[in-house]
Amino acid sequence: MKSVFLAFAAVVMAFACCPKEQAPEKKDMCVQMYSARSILNKDNYGDVLKEIAAMGYTAVEAASYSDGLIYGDTPEVFKQKVEAAGMKVLSAHVSRGLSEEELASGDLTAALAWWDKCIADHVKAGMEYLVTPWMGLQKNLHDLQVYCDYLNEVGRRCKAAGLKYGYHNHAYEFEKVEGQVMYDYLLEHTDPELVFFQMDVYWTVIGKASPVDYFERYPGRFKMLHIKDEWEVGQSGMVGFDAIFRKADVAGLENFVVEIERYKHEDILVSFKESAEYLLSAPFVKATYVK
């Protein structure tokens, strides 16, 4: 009988010593609401965000500001809906391009008046960051410099309101304007105290540039990253996410934003879940980058 008891005890101890499968660690993980553009509307975005939050996403980046409204709601109501879904309002993509006349004259009065209203509205929504996602490939260095001056002034106004202001790239910024790489010119002619860069790592790779190379050349400039892939995050093998995240401290990373532009699944929420699972289980992605 004693031998049977000892054998049973040995089995129990062996089972207890075996490593148990652990749930993925919770991580600060923002999602760009543009990713769900095909299913979001004013009436349902709160409910959709609840489903997304259940996958592990913790914050949102908005992309629908118009006439003082965000996704058709006042900034205050937008904030309430996001928080009711169990998420945090983190950032927004907003843009006011310059006309040919404004570029030629350098008179930014009307554009900056638009920004004053925009900034005030996003403060009401509880944003921490505002990001301009587009300016187009500029035709000459004069126009590019006007844009740099513009970004600096918008950044100055955001800083005065307690917001951080950044610029988000696509692939065209890695083309040359009068012999100079546009992205490099933007980095070198904007004030690091006023303008950060939200690097879209996918578009950087498509532009035949290396995210890690830019982190090392311009350390501390990349407070945010857009983590994006050809399809769901981590499935194409074309973006070196491990190398990118391992250089996060050099980049100056504070928050990253998941964006999904194309999907392999008819149900796009499956794509959200697969992307979240990849990042939550990735050992090279920290729980938080907030300083």
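Note that the numbering runs from 1 along the sequence shown for the chain.
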Any residue meeting ring-ring contact (aromatic ring centres under 6.0 Å, His included) with Y34, in chain and number order, not counting sequence neighbours: none

Under 3.5 Å side-chain donor-acceptor pair for T190 and R221: yes

Sub-4.5 Å side-chain heavy-atom contact between M87 and V31: yes

Donor-acceptor contact below 3.5 Å, side chain Y185 vs main chain C148: no

Pairing residues for E266 by the salt bridge (Lys or Arg N to Asp or Glu O under 4.0 Å) criterion, not counting sequence neighbours: none

For residues 65-73, tabulate all N or O donor-acceptor pairs below 3.5 Å that involve a side-chain atom, not counting sequence neighbours.
from : atom 1 : to   : atom 2 : distance (Å)
Y65  : OH     : D121 : OD2    : 2.6
Y71  : OH     : A63  : N      : 3.2
D73  : OD1    : K42  : NZ     : 3.2
D73  : OD2    : Y45  : OH     : 2.7
D73  : OD2    : K81  : NZ     : 2.9

Side-chain donor-acceptor distances from residues 240-248 under 3.5 Å, at least two apart:
from : atom 1 : to   : atom 2 : distance (Å)
K247 : NZ     : E216 : OE2    : 3.2

CG-NZ distance between L253 and K291, expressed to the nearest 0.5 angstrom: 6.0 Å

Distance-only donor-acceptor check, side chains D249 and Y289, under 3.5 Å: no

Test item: side-chain donor near acceptor, Y129 and E254, under 3.5 Å: yes

Gap separating the CH2 atom of W203 from the CG atom of N169, nearest 0.5 angstrom: 10.0 Å

Straight-line distance of L130 CG to K164 NZ, nearest 0.5 Å: 12.5 Å

Any side-chain heavy-atom pair of M29 and L280 under 4.5 Å: yes

Residue pair K159 / L194, side-chain heavy-atom distance below 4.5 Å: yes

In one Ile/Leu/Val/Met/Phe/Trp/Tyr side-chain cluster, 4.5 Å: L90, V94: no

T74 side chain reached by K124 side chain, heavy atoms, under 4.5 Å: no

Inter-residue atom distance M224.CE - E61.CD, 0.5 Å rounding: 5.0 Å

Stepwise salt bridge (charged side-chain N to carboxylate O under 4.0 Å, His left out) check, E128 with K223: CA-CA 12 Å; E128 296 181 29; K223 294 183 185 299; over 6 Å; no

Heavy-atom closest pair, residues F222 and Y214: CE1-O, 3.5 Å

Joint hydrophobic cluster, F196 plus I227, side-chain heavy atoms closer than 4.5 Å: no

Exercise: identify the closest heavy-atom pair between V233 and K228: CG2-CA, 4.4 Å

Student check: side-chain heavy atoms of D107 and E101 closer than 4.5 Å: no

Joint hydrophobic cluster, F256 plus V205, side-chain heavy atoms closer than 4.5 Å: yes

Within 6.0 angstrom of K88 NZ, more than 12 heavy atoms from elsewhere: no

Distance-only side-chain donor-acceptor flag, E173 / Y167, under 3.5 Å: yes

Contact summary for R37 and I260, nearest pair of heavy atoms: NH1-O, 3.9 Å

Residue pair I39 / N44: nearest heavy atoms and the distance that separates them: O-ND2, 2.7 Å

Which atom pairs, donor and acceptor, lie under 3.5 Å between side-chain atoms of residues 174-183 and protein residues at least two apart or in another chain?
from : atom 1 : to   : atom 2 : distance (Å)
E178 : OE2    : L141 : N      : 3.4

Pairs meeting criterion salt bridge (Lys or Arg N to Asp or Glu O under 4.0 Å) with involvement of residues 140-150, two or more places apart: none

G136 backbone acceptor or donor facing Q138 side chain under 3.5 Å: yes

Beyond-backbone contact of Q235 with Y278, side-chain heavy atoms, under 4.5 angstrom: no

Heavy-atom check, side chain of V48 versus side chain of M33, under 4.5 Å: no

CE-OH distance between M135 and Y172, expressed to the nearest 0.5 angstrom: 6.5 Å

Salt bridge (charged side-chain N to carboxylate O under 4.0 Å, His left out) between R156 and E153, worked out: CA-CA 5 Å; R156 185 174 291 108; E153 183 55 36; 2.6 Å; yes

From CG (L108) to CG (L103), nearest 0.5 Å: 8.5 Å

Smallest separation among heavy atoms of A62 and M127, with atom names: CB-CE, 4.1 Å

Side chain N152, main chain D191, donor-acceptor under 3.5 Å: yes

Note, V257 side chain near V131 side chain (heavy atom, < 4.5 Å): no

Within one Ile-Leu-Val-Met-Phe-Trp-Tyr cluster: M238 and L279, side-chain cutoff 4.5 Å: yes

Single-linkage hydrophobic cluster W231~V270, side-chain heavy atoms < 4.5 angstrom: no

Minimum heavy-atom distance between A84 and K50, given as atom pair plus value: O-CE, 4.0 Å

